[in-house]
Amino acid sequence: FLVPAAGGTPVPLTRPGSPKGGHGEPAFSPDGKTIVFVTSEQNAGEIWSVSRLDGSLQPIFARKQKGPVLGNCYEPVYSPHGDRIYFAATSGATQMNAGLWTARVPSSAGEPWGEPERVTSAGPASLRQIAISPGGSSLTYAALSSASNLWSLPIDVRSAAPAGDPMPLTRATGCRNSLPVFSPDGSRIAFMSCRAGGSAE
């Protein structure tokens, strides 16, 4: 929705189902004529634009497009001169590589958007909150990381209550350990591990 800063009636810029998914993270172009935003559906985010003048929609980076395999896209922002956008995205077969990306904005109507170009990699961290300096010479972002390890907790068989303190089974960084399964005799645990830049193992 577009809402006057001084107050007034909100005007819808997009409507449910067009495009599909939830709509969020909007950002104005410097001239105020276009707004880029993210759609989120089935664990994948795409970048779209909507015209403030006539409400026309345009997909910028969709899941089925040619070029780099991008997964979730987040928080697009325009450069101060409006000639590029910057955004966060996951990429690769496992979508465990997070990074900062950029693309050229069309200079005229009908011209295609530029191919996404990686600016930097954040590895397994989630890159968010992109801000660009007024002159466009610097940018900042937050790289959010989390520990993902397996822990063991002894359980009293009769009461099903904890019978001791939790103990870490893995102490890895830069990867996600998940989906543990006990062997029939309980002596071993199989689990899945995903590392940035690699396949799930």
Side-chain angles (χ1 to χ4, degrees), residues 1-8 10-14 19 21-41 43-53 55-63 65 67-92 94-108 111-148 173-174 176 196-197:
F1 284 80
L2 186 68
V3 185
V11 177
L13 289 172
T14 63
H23 307 165
E25 302 171 7
F28 277 103
S29 60
D31 61 11
K33 295 179 180 179
T34 306
I35 294 140
V36 288
F37 64 98
V38 168
T39 65
S40 181
E41 182 189 28
N43 199 32
E46 300 180 346
I47 299 179
W48 287 66
S49 70
V50 59
S51 170
R52 183 180 176 183
L53 304 178
S56 59
L57 291 163
Q58 180 184 8
I60 300 176
F61 300 121
R63 283 165 282 178
Q65 72 170 32
V69 180
L70 299 181
N72 287 309
C73 296
Y74 305 97
E75 301 183 7
V77 294
Y78 276 91
S79 65
H81 301 296
D83 57 340
R84 303 191 75 83
I85 63 167
Y86 291 84
F87 60 97
T90 57
S91 63
T94 62
Q95 298 300 310
M96 285 292 290
N97 288 316
L100 177 68
W101 294 72
T102 185
R104 179 183 50 79
V105 174
S107 57
S108 59
E111 183 183 347
W113 284 73
E115 285 284 327
E117 305 168 34
R118 188 195 298 270
V119 177
T120 187
S121 174
S126 296
L127 196 151
R128 295 288 190 282
Q129 304 161 13
I130 304 164
I132 304 176
S133 64
S137 61
S138 302
L139 60 82
T140 64
Y141 58 85
L144 314 177
S145 62
S146 61
S148 177
T173 59
R176 177 175 297 167

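Numbers for residues simply follow the sequence, beginning at 1.
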Counting distance only, does the side-chain N/O of Ser133 pair as donor-acceptor with the main-chain N or O of Ser138 below 3.5 Å? yes

Is there a donor-acceptor pair closer than 3.5 Å between any side-chain N or O of Ser51 and the backbone N or O of Ser56? no

In short, Ile85 meets Thr102 closest at the heavy-atom pair O-OG1, 3.0 Å

Validation row: Trp113, Val105 side chains within 4.5 angstrom (heavy atoms): yes

Grab the two heavy atoms, one from Ala88 and one from Leu127, that are nearest each other, plus how far apart they are. CB-O, 3.2 Å

For Val38 and Pro76 the tightest heavy-atom approach is CG2-CD, 3.4 Å

Please report the closest heavy-atom contact between Pro10 and Phe1, naming both atoms and the distance. CB-CD2, 3.8 Å

Are the side chains of Leu2 and Phe28 in contact, using a 4.5 Å heavy-atom criterion? yes

Can you check whether Gln129's main-chain N or O pairs, donor with acceptor, with Glu75's side chain at less than 3.5 Å? yes

Leu13 CG to Arg52 CZ distance, which is reported to the nearest 0.5 Å: 8.5 Å

Can you see which heavy atom on His81 is nearest to which on Gly135, and at what distance? NE2-O, 4.0 Å

Before we go on, tell me: are the rings of Phe61 and Phe87 under 6.0 Å apart, centre to centre? yes

Which atoms form the tightest heavy-atom contact between Pro30 and Ser79, and what is the distance? CG-O, 3.4 Å

Evaluate the side-chain proximity of Leu139 to Leu100: yes if any heavy-atom separation is below 4.5 Å, no if none is. yes

Would Glu25 and Arg128 pass as an ion pair if we require N to O under 4.0 Å? no

What's the separation between atom CD1 in Ile35 and atom NE2 in His23, rounded to the nearest 0.5 Å? 13.0 Å

Is there a donor-acceptor pair closer than 3.5 Å between any side-chain N or O of Thr90 and the backbone N or O of Asn72? yes

Nearest 0.5 Å, what's the CG-CZ distance between Leu57 and Phe37? 5.5 Å

Nearest-0.5 Å distance that lies between atom CD in Glu46 and atom CD in Glu41: 8.0 Å

Within the side chain of Ser29, is there an N or O that forms a donor-acceptor pair under 3.5 Å with the backbone of Thr34? yes

May I ask you to test the Thr14-Trp48 pair for a side-chain heavy-atom distance under 4.5 Å? no

